[in-house]
Number of protein chains: 4
Amino acid sequence: MKEEVSTEQNIEEQWIEELLTLGKDEKLTPKQISILQAAIEVFSEKGYSATSTSEISQKAGVAEGTIFRYYKTKNDLLLAIVGPTMSRMLAPFVLRNFNGVLDMPYDSFEEFLRAFMINRLDFARKNFKILKILIQEIPFQPTVRAQFVENILSKILERVIDIVEHFKEKGEIIEVPTPTLIRFTLSSVVGYLMNRLLLQPDKDWNDEEEINLTIAFIMHGISKTTPPI
Amino acid sequence: MKEEVSTEQNIEEQWIEELLTLGKDEKLTPKQISILQAAIEVFSEKGYSATSTSEISQKAGVAEGTIFRYYKTKNDLLLAIVGPTMSRMLAPFVLRNFNGVLDMPYDSFEEFLRAFMINRLDFARKNFKILKILIQEIPFQPTVRAQFVENILSKILERVIDIVEHFKEKGEIIEVPTPTLIRFTLSSVVGYLMNRLLLQPDKDWNDEEEINLTIAFIMHGISKTTPPI
Amino acid sequence: MKEEVSTEQNIEEQWIEELLTLGKDEKLTPKQISILQAAIEVFSEKGYSATSTSEISQKAGVAEGTIFRYYKTKNDLLLAIVGPTMSRMLAPFVLRNFNGVLDMPYDSFEEFLRAFMINRLDFARKNFKILKILIQEIPFQPTVRAQFVENILSKILERVIDIVEHFKEKGEIIEVPTPTLIRFTLSSVVGYLMNRLLLQPDKDWNDEEEINLTIAFIMHGISKTTPPI
Amino acid sequence: MKEEVSTEQNIEEQWIEELLTLGKDEKLTPKQISILQAAIEVFSEKGYSATSTSEISQKAGVAEGTIFRYYKTKNDLLLAIVGPTMSRMLAPFVLRNFNGVLDMPYDSFEEFLRAFMINRLDFARKNFKILKILIQEIPFQPTVRAQFVENILSKILERVIDIVEHFKEKGEIIEVPTPTLIRFTLSSVVGYLMNRLLLQPDKDWNDEEEINLTIAFIMHGISKTTPPI
DNA sequence: TATGAATGAGTTTTCATTCAT
DNA sequence: CATGAATGAAAACTCATTCAT
C-alpha cells in the first residue's frame, strides 16, 4: 500500500494544481501536473517562443503526444498557465467592495499600502515564474493581452481609483490627478517587487524594513525639507 | 538622376546608422540599414525568437542570404542592434566625472533629476523599439545580459551612487541606504517612462508637468502631512 | 424497462448487421454496429486514408480502444466493411446456374437486362456508401483488389459470358467479341448508375423510363437509320 | 561540357513542364519538375492522402523542405498537378464555336464521335496518372470539385449539348432527351477508356477496331433486329 | 557584393495502436 | 468487455544557414 507522505514534491504539485484549476471542478492528472510544471519551468527560463514542446515533454517525463492530449496546441498550454494566474491577480480586489458600497477596511492609506505590499509580495513570490511568463508574453500574445487588459487590469484600476479617491477626500493624500497618484504608488511597489524578486533575488533582504521604507518614501519622499504644502 | 533629398525616410536611416555604428569607423551600406530597420521593427513587434530571418529579409527588401553576409547568425543581428544602444545608455553618465574627480554640475538633487528625466525620456523615445527588444531579451540572452550588467548597469550604478551620496552628504536627502534611495528614484522615473511610452503612449501627455509632479513626488511623497523628520 | 420499437434507427442497424455478417454465424454487438456505421459514414465522406480512427470512435460514441478490440487494425475495419459487400455483389449471379447446367430463366436479352438493371440499381442504392468506399479503395488496397478480382469479378464475368454467348447463339445479338459486348452493356448500365446515384442524385429521376431508354439504347443505339446488317 | 541529348527522361520532363505551366509564363526549375514527377507518380499509385511529403521528396531526390519552397502546402502541390490538366480537358471544346456561331466541322455524328474518341484517348493516355489522381480526389477535395464542376464540366456539357442538338435537328439521331443521349454516348466512350487504360491496360488492344465497334454500338446497338422506328 | 535555391535538422501536431484499470 | 490515457513514430511544415552563381 502506497503511503501518501507530504513530500516537498507533493506540496509543489498541489500548489500547481490549486493554482491552475481556478474555477474548474476537474482535477488534474499527475501527467498533466508534470506537463504544467515542466512548461512553467522552461517557458520562464527560455521564453515561450524559444521553448519546444519536445523539451517540455522530456522535462515532464511524458511522451510528446501526451502534451497534445491535454492541450490542443502549444498556445493552449500557455493560456492554461497564465489564464488562472491572471484571474488570481484580481482576487484581493474583488473580494471586497461588492454591491457598490465602498467597503474600506483600512483606516489610512499607509495601512492599505502595507497590507497590499505584503499580500502582493507573497503572491508574486509564489507565482514568480508564471508572472515572469505573463509579463514576457503580454506584449506579443494578443489573446493574453486582451484578456489581461479587459478582465484584469481595468477591474483592478477601477478598485484602486476608488481607494485613492477615498483617501484624497479624507484629506490624507495630495490633490494630484488620481492616475498620476496611482502611477507613483504602483511604480514604487512594482519597483520593489522587481528588485526583490527579479534583479537581486539573492541579496539578503529584510522585507519588513524595506516595505516600511518604501511606504515612508511613497508618503513623504526623500527630501529632508518639509514638503511645500 | 535620383536627387537625394532629405526625406523623413532618409532621416530615419541616418538615425539608425548613427545609432548602430557607435565606436566603429565603418559606414553601413544601404542594404545593411534596411536589414537593421526591418529587424528592429519585427523583433520589437513579435519578439526575437518568434521572428524568422525570412520575414526580416522580406521586410528589408533583400535576399535571405544577404542578412547572413553582414551578420553571421540571427543572434549576431540581435547583438548588432542592442549592443550599441546599451553603450549609449551609458553616455550621459561617463561624459562627466572622468579622471576620478567628482565633477557635479548640478546644484540640487532636484535639478539633477529634472535633467536626467528629460534626457532619458528623449533617449527612450528615440530608441523605443530597440529598448523594448533589449528589455525583452535580457532575461533570455546570456550574452546580452552579461554585457548589460558588466559594461552598462554597474557603471551607471557606480556613477549614480556617487551622485546620491554627494547629496546625502550635502544634507539634501534622507539617511536611507543608498541602494534603496536609488531604487526609489529609478522606480519613479522608470515607472513614468513605461507609462508614458509603453502602456499609454496615445494618451495626451504634458511631459513637463508630469516630470515636475514626479520630481515633487520623489522629493516629498504624496502625504499631506509633513514627514516625521 | 426499454421497449424495443422498430425505429428507423433500428432498421438501419439491422440492415448493417445483415449486410456485414454474411457467411458468419456471430451476431454483431451494438457497439460493433455503431463502429461500422460510423466508419462507413466517414470513410465514404472523407476517404479511408483521410479518416482517423479517433473520428470514427467519436462518431460511433465508443472509446478509441473499443474499435481495436473488434478490428485489430484500421485496415481490418475497412475489410470488414467492403468484404461482405463484395460477396453480395456476386449473389444474383451464383444463385442460379449451379452444378454446371446453364439455367437461363430469361427469354430475351432485353428481359435479362431489365431484371439485371432493376436488381443492381436497388443493390447500389442500398449499399451506396459502401460501394463508394470500395470503388475508391480498389486501386490502392492490394488486399481488396485481389479479393475483388479473384473472388468476385472473375466469377461475375464467367457467368455474364455464358449469358451473352447464350443470346449470341440464339441470334439475338450481333457477332462481336463477347468481351466487347459485355463492355458495351456494362458501360451503359454502370453509366446510368453512376449518373443516377453519384453525379446527379438529386435530379428527379423516372427510373422505369430511364431503364427502358437505356435498354433500348443498348439494343438499338441512337441512330435513326437502320443498322447495316 | 554537358551535352544536352534528347533522352527519354528529357522528353518526359518537357512534357510535364508543358503540361503544368498552362497559362503561366514562368518556367519550371529542374527540381520543381522532379517534385511534380515524383508527386504524380506517388499520388497516382497510393492516393493523395496516403502519400507523405517525405516519400515524394525522396523519390524526387530533393530535400523535404524544397517541396515547401515551391508549394506552400501539400494541397497546393495537388492543385498544381490537377489544375492545369483540368484546364486542358476543356481545350478541344473551346477552340471552336467562338462568338456564338455554331461552327460544326463534322458532317455526321459518327464523324464527330470518331474524332472525339481518338483525341480523348490520346489525351487520356498522355495524362493517365494525373487523370487518375483527379478522378480519385474529386469526391474528397471541395476545391478541386468546385473548380472542376464550375470551370470545366459545365462548359464541356454546354458545348456537347449544342453538338447533340445540332444532329438531332438534322434528323440523324433519335428524339430522346439530350442529357440522356449524352449519357449514352459518354458512358460508352468513358467505358472504353476505362477498360483500355485502367482495367486491362496490358491487353493487346486494336484501338482503331475498338473505336469503330464502339461507334457502331452507340449508333446501332447490339441487337440483330432493326430498331422499332 | 548580392542572391535565392537548397538544405536538413527541428518544430508542432496527428494518429494508429497498446495496455493497465 | 470497454475504456481512454499514454505512447512514439511519422506527418506536415518551418527555419537558420550555406553556397554556387
Side-chain angles (χ1 to χ4, degrees), chain A residues 29-32 34-35 49-58 60-77, chain B residues 29-32 34-35 48-58 60-78, chain C residues 29-32 34-35 48-58 60-78, chain D residues 29-32 34-35 49-58 60-77:
Chain A
T29 69
K31 299 256 169 191
Q32 210 169 355
S34 309
I35 291 167
S49 281
T51 299
S52 74
T53 50
S54 100
E55 199 174 353
I56 296 170
S57 71
Q58 254 175 276
V62 303
E64 208 169 346
T66 306
I67 294 176
F68 292 89
R69 277 196 68 76
Y70 290 107
Y71 307 98
K72 252 166 62 73
T73 66
K74 186 184 162 191
N75 201 66
D76 281 359
L77 175 57
Chain B
T29 70
K31 299 253 168 197
Q32 212 168 352
S34 307
I35 291 168
Y48 169 76
S49 281
T51 298
S52 72
T53 50
S54 100
E55 201 175 350
I56 295 170
S57 70
Q58 254 177 277
V62 303
E64 280 211 65
T66 308
I67 293 177
F68 292 90
R69 188 145 292 282
Y70 290 107
Y71 306 98
K72 242 167 62 75
T73 67
K74 186 184 163 191
N75 202 66
D76 282 358
L77 175 56
L78 175 66
Chain C
T29 70
K31 299 251 169 199
Q32 212 168 353
S34 307
I35 291 167
Y48 169 76
S49 280
T51 298
S52 72
T53 50
S54 99
E55 201 175 350
I56 295 170
S57 69
Q58 254 177 276
V62 304
E64 279 210 66
T66 308
I67 293 176
F68 292 89
R69 190 145 292 283
Y70 290 107
Y71 307 99
K72 243 168 64 73
T73 67
K74 186 184 162 191
N75 202 65
D76 282 358
L77 175 56
L78 174 66
Chain D
T29 69
K31 298 254 169 192
Q32 210 169 353
S34 309
I35 291 168
S49 281
T51 299
S52 75
T53 50
S54 100
E55 199 175 353
I56 295 170
S57 71
Q58 255 175 277
V62 303
E64 205 169 347
T66 306
I67 293 176
F68 291 92
R69 277 196 68 75
Y70 289 108
Y71 306 98
K72 252 165 62 72
T73 66
K74 187 185 159 190
N75 201 65
D76 281 359
L77 175 56

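Just the heavy atoms: all of them, side chains too, but no hydrogens, waters or symmetry mates, feed the values below. Throughout, protein chains are lettered first and strands after them, A, B, ... in sequence-line order, and every chain is numbered starting at 1.
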message = To check you understand the geometry: which heavy-atom pair defines the closest contact between B:Ser57 and B:Ser54, and what is its length?
response = OG-O, 2.8 Å

Paired and unpaired positions of DNA chain E as dot-bracket, Watson-Crick or G-U wobble under 3.5 Å, | denoting a partner strand = .||||||||||||||||||||

request  = To the nearest 0.5 angstrom, please state how far the CD1 atom of D:Ile56 sits from the OG atom of D:Ser34.
outcome  = 12.5 Å

note = Heavy-atom closest pair (A:Thr51 atom, A:Lys74 atom, distance to 0.1 Å) is O-NZ, 2.8 Å

request  = On DNA chain F, check which nucleotide each of C:Gly61 and A:Val62 is closest to and give me the residue with the more 5' one.
outcome  = C:Gly61

request  = Establish, with yes or no, whether the OP1 or OP2 oxygen of E:dT3 is under 4.0 angstrom from a side-chain nitrogen or oxygen of B:Thr66.
outcome  = yes

request  = Whole angstrom is fine here: how far is it from OH in D:Tyr71 over to C1' in F:dT14?
outcome  = 19 Å

task = Check the pair C:Tyr48 / C:Asn75 against side chain to side chain contact (heavy atoms under 4.5 Å, CB included), numbers first and verdict last.
result = CA-CA 9 Å; C:Tyr48 169 76; C:Asn75 202 65; 3.2 Å; yes

task = For D:Gln58, enumerate each residue passing the side-chain hydrogen bond (donor to acceptor under 3.5 Å, both in side chains) test, keeping only those at least two apart in sequence or located in another chain.
result = none

query = At what distance, to the nearest 0.5 angstrom, does OG1 of D:Thr29 lie from CZ of D:Arg69?
reply = 10.0 Å

remark   = Taken in chain and number order and not counting sequence neighbours, the residues that satisfy side-chain hydrogen bond (donor to acceptor under 3.5 Å, both in side chains) with A:Thr53 are A:Glu64

task = Give, for atom CD of D:Gln32 and atom CD1 of D:Ile35, the distance between the pair rounded to the nearest 0.5 Å.
result = 7.0 Å

message = Using whole Å, what does the distance between atom C1' of nucleotide F:dC15 and atom CD1 of D:Ile67 come to?
response = 16 Å

inquiry  = Under 4.0 Å, heavy atoms only, any strand: does C:Tyr70 hit a base, just the sugar-phosphate, or nothing?
reply    = sugar-phosphate

note = Whole-Å distance, C:Leu77 CG to E:dC15 P, equals 16 Å

request  = Using whole Å, report how far CD1 of C:Ile56 lies from C1' of E:dT14.
outcome  = 15 Å

request  = Report, as a single string ordered 5' to 3', how protein heavy atoms within less than 4.0 Å touch nucleotides 16-21 of chain E: B base, S sugar-phosphate only, - not at all.
outcome  = BBB---

